[in-house]
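These notes concern the structure reproduced below.
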Amino acid sequence: MAHDRILLAIGPDDRDSLDTLVDATIDLAEPADATVSLLYVFPRDDYETIMEQMDIDTTTSGLTADEVAQRHESVREPADRLESLGIDYDIGGVSGGNPADQIVRKIERIDADVAVVGGTKRSPTGKAVFGDHAQQTLLNAPVPVLYVKRE
């Protein structure tokens, strides 16, 4: 199966495992000469905090989640690695709503062939009580999903 477009979903919990996520994405993208779509998934509170740190008024600013993601360190580092390897990429961001739903919508919108997501081991009870965005993405994505487990 050829992969023309790969979606790498990144969230604030992925900071410590970002290298592992990017390595897995590179392993898929490089041999296929695929384009990688880096997607930063902002939880509502995180998005507003970042906007404040950037001195952007959230009530009047026309800055989109895509534009904020392009400036976010957790996306710039993977982008720099992809660029150094000559892998084509683009950067996007989503904020608000259910993160798994946002990821699935982005997969559909960009017509991705595969998605890469990270997550932690959680008990079935923990998933039922707190939800699991990676699991929901795995269940609802219209394409194969590579799950990269965080330590």
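Predicted model only: the values in this text are computed from it and were never measured.
A distance of 9.5 Å separates CG in Asn140 from CD in Gln135, rounded to the nearest 0.5 Å. In this structure, CG on Leu7 lies 9.0 Å from OG1 on Thr25, to the nearest 0.5 angstrom. Once rounded to the nearest 0.5 Å, the distance linking CG of Leu18 with OG of Ser74 reads 6.0 Å. Note that the CG atom of Leu8 and the OH atom of Tyr40 stand 12.0 Å from one another [nearest 0.5 Å]. The CG atom of Leu146 sits 9.5 Å away from the CG atom of Leu138 when rounded to the nearest 0.5 Å.
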Mind listing the side-chain donor-acceptor pairs of residues 102-110 below 3.5 Å, one per line with the distance, residues two or more places apart or on another chain?
unit_1	atom_1	unit_2	atom_2	d
Gln102	NE2	Ser95	O	3.4
Gln102	NE2	Gly96	O	2.6

Pairs under 3.5 angstrom only: tabulate donor-acceptor contacts from the side chains of residues 78-88 to other protein residues two or more places apart or in another chain.
unit_1	atom_1	unit_2	atom_2	d
Asp80	OD1	Arg76	NH2	3.4
Arg81	NH1	Asp23	OD1	3.2
Arg81	NH2	Asp23	OD1	2.5
Glu83	OE1	Tyr89	OH	2.9
Ser84	OG	Arg81	O	2.8

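Considering all non-hydrogen atoms of both residues, Gly93 and Ala65 come closest at O-CB, 3.4 Å. Nearest heavy-atom pair, Ala29 versus Val36, reported as atom, atom and distance to 0.1 Å: CB-CG2, 3.7 Å. Across all non-hydrogen atoms, the minimal contact from Gly118 to Ala134 is O-CB, 3.7 Å.
With sequence neighbours excluded, no residue satisfies side-chain contact (heavy atoms from CB on, under 4.5 Å) with Asp27. Listed by chain and number, the residues in a side-chain contact (heavy atoms from CB on, under 4.5 Å) with Asp90 are Arg5, Thr35, Ser37 (sequence neighbours excluded).
For the pair Leu39/Val41, a side-chain contact is recorded, criterion being any heavy-atom separation below 4.5 Å from C-beta on.
Distance alone, capped at 3.5 Å, places no donor-acceptor pair between the Asp4 side chain and the Ala34 backbone.
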Decide yes or no on side chain to side chain contact (heavy atoms under 4.5 Å, CB included) for Val143 and Asp113, but give the supporting numbers first. CA-CA 6 Å; Val143 298; Asp113 299 300; 5.7 Å; no
